[in-house]
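One structure below.
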Amino acid sequence: MSVQLRAAPFDPWQELARYQANLDQAGKFGATACFVGTLRDMNQGDAVSAMTLEHYPGMTEKYLEKISAEAARRWDILDSLIIHRYGPLAPNDSIVLIAVWAAHRAAAFDACRYLIEELKTRAPFWKKEKLEHSTRWVEHNTPAVY
Amino acid sequence: MSVQLRAAPFDPWQELARYQANLDQAGKFGATACFVGTLRDMNQGDAVSAMTLEHYPGMTEKYLEKISAEAARRWDILDSLIIHRYGPLAPNDSIVLIAVWAAHRAAAFDACRYLIEELKTRAPFWKKEKLEHSTRWVEHNTPAVY
Amino acid sequence: MAISVKYFAGLRERMNRAGETLPAQDIGTVAQVWVKATQGAPWPPNMLAAVNHDYAEAHSPVQDGDEVAFFPPVTGG
Amino acid sequence: MAISVKYFAGLRERMNRAGETLPAQDIGTVAQVWVKATQGAPWPPNMLAAVNHDYAEAHSPVQDGDEVAFFPPVTGG
């Protein structure tokens, strides 16, 4: 189980390859579910040229570790990984990576979905978008179902 | 939208990196949901030393393309990728990779889950496991919810 | 022409062949293909069938030139 | 000792400061921290609060030495 905050850009597929290589669960996991959130160049009808992600150091890690432990308690999973950027981002940058390894797919999917929904609802991150002539704080996230 | 059958081992994270690099949707997708199915070294309480995946050439591709098109019809997604092995496999080999790119996470997750469930329920693949002293056809897949 | 028949997985092993070609004469449905291929064996429980790479039922129509496949429940993914 | 107060995102900008230190005297709840920090401003709708890195409510207790944070709805992921 790992929670990582990153100031620098990261490649989610390289991170997954590296993390899984060190997983020490070869042959045990039959299902890996993952989610990558990526900065789009458009939001609410406006072109977005850059974004700054503010967070609450200390509380962020504590919260993400708490939901990772909760996922492991609720579902029969082998491991989980959360990587989240902070600081300045450019469009097409990965914002968040969540991955869950399990023997079976239902647990992997459900735990992965749980982690991203909890993260989006409660983890102390705030997005400030740079538009053509202004900046704005994002007011709320896209709901889970729409 | 791509459906690929592979006789040789593949690295799902390298495939994702390569496919996404050619996606021509940079800045458009905010959510990528993916699933990797991996051969475990144990099934139904027995050690599995190898597996052979038989499929129905022609029908397999047609079926996977049909569900990919159906996913694009049902959900607001930008692209999808399905890669599936056939032939002889070793434990820890990737069996299947499914990835869905979308603007928002609900569509990406739901389409990804739909694709793996449809694949498992109806795509013409059959697993034959090699155990210590025998081989056996897998009778049915793990259900979606358990 | 004729009907091309294919068998997969455990069914292929039980039939002792991967497929065969049957004369289209007197064949109008998938069930009739099965009966002719097996000399009258009952339809196995859970057996699936396809006509020209699409799933089909026992009563689905079969025409001269079609490819008909029989196989057990699938286990991919 | 004292109460350490932090503000984030749009609230930080509106407060014109990232945080401050308040004397713990007469402070027993999160709501009282907010009142003292703002000289009596009302609790903004949707504002969230945390005590020592855990979510808290307006009525949650605050002790000398605690870190209390106020912030708008979160938008990570």
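Below, chain A is the first sequence line, B the second, and so on; all start at residue 1.
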In terms of heavy-atom proximity below 4.5 Å to chain D, should [X] be classed as side chain, backbone, both, or neither?
X       : answer
A/His84 : side chain
A/Glu61 : neither
A/Thr52 : neither
A/Tyr63 : side chain

Problem set entry | Donor-acceptor pair, side chain of A/Lys127 and main chain of D/Gly77, under 3.5 angstrom | yes
Exercise. Within a radius of less than 6.0 Å around NZ of A/Lys66, do more than 12 heavy atoms belonging to other residues, nucleotides or ligands occur?
Worked result: no
For this session: Please step through side chain to side chain contact (heavy atoms under 4.5 Å, CB included) for the pair A/Glu54 and D/Arg12, ending with a clear verdict.
Result: CA-CA 11 Å; A/Glu54 185 170 330; D/Arg12 173 177 52 71; 2.5 Å; yes
Problem set entry | Considering all heavy atoms, the nearest D/Ala50-A/Met59 contact | CB-SD, 3.5 Å
Seminar exercise, completed: For D/Val74 and A/Asn141, the nearest pair of non-hydrogen atoms, with its separation, is O-ND2, 3.9 Å
For this session: Considering only heavy atoms and a distance below 4.5 Å, find which of A/Arg85, A/Arg136, A/Lys62 pairs most often with chain D.
Result: A/Lys62
For this session: Anything under 30° is parallel, anything over 60° is perpendicular, the rest tilted; go ahead and classify D/Phe8 against A/Trp126.
Result: parallel
Problem set entry | D/Glu13 vs A/Lys128, side chain to side chain contact (heavy atoms under 4.5 Å, CB included): CA-CA, chis, key distance, verdict | CA-CA 12 Å; D/Glu13 291 181 349; A/Lys128 190 175 201 176; 2.4 Å; yes
For this session: Answer with side chain, backbone, both or neither: which region of D/Asn46 has an atom nearer than 4.5 Å to a non-hydrogen atom of chain A?
Result: neither
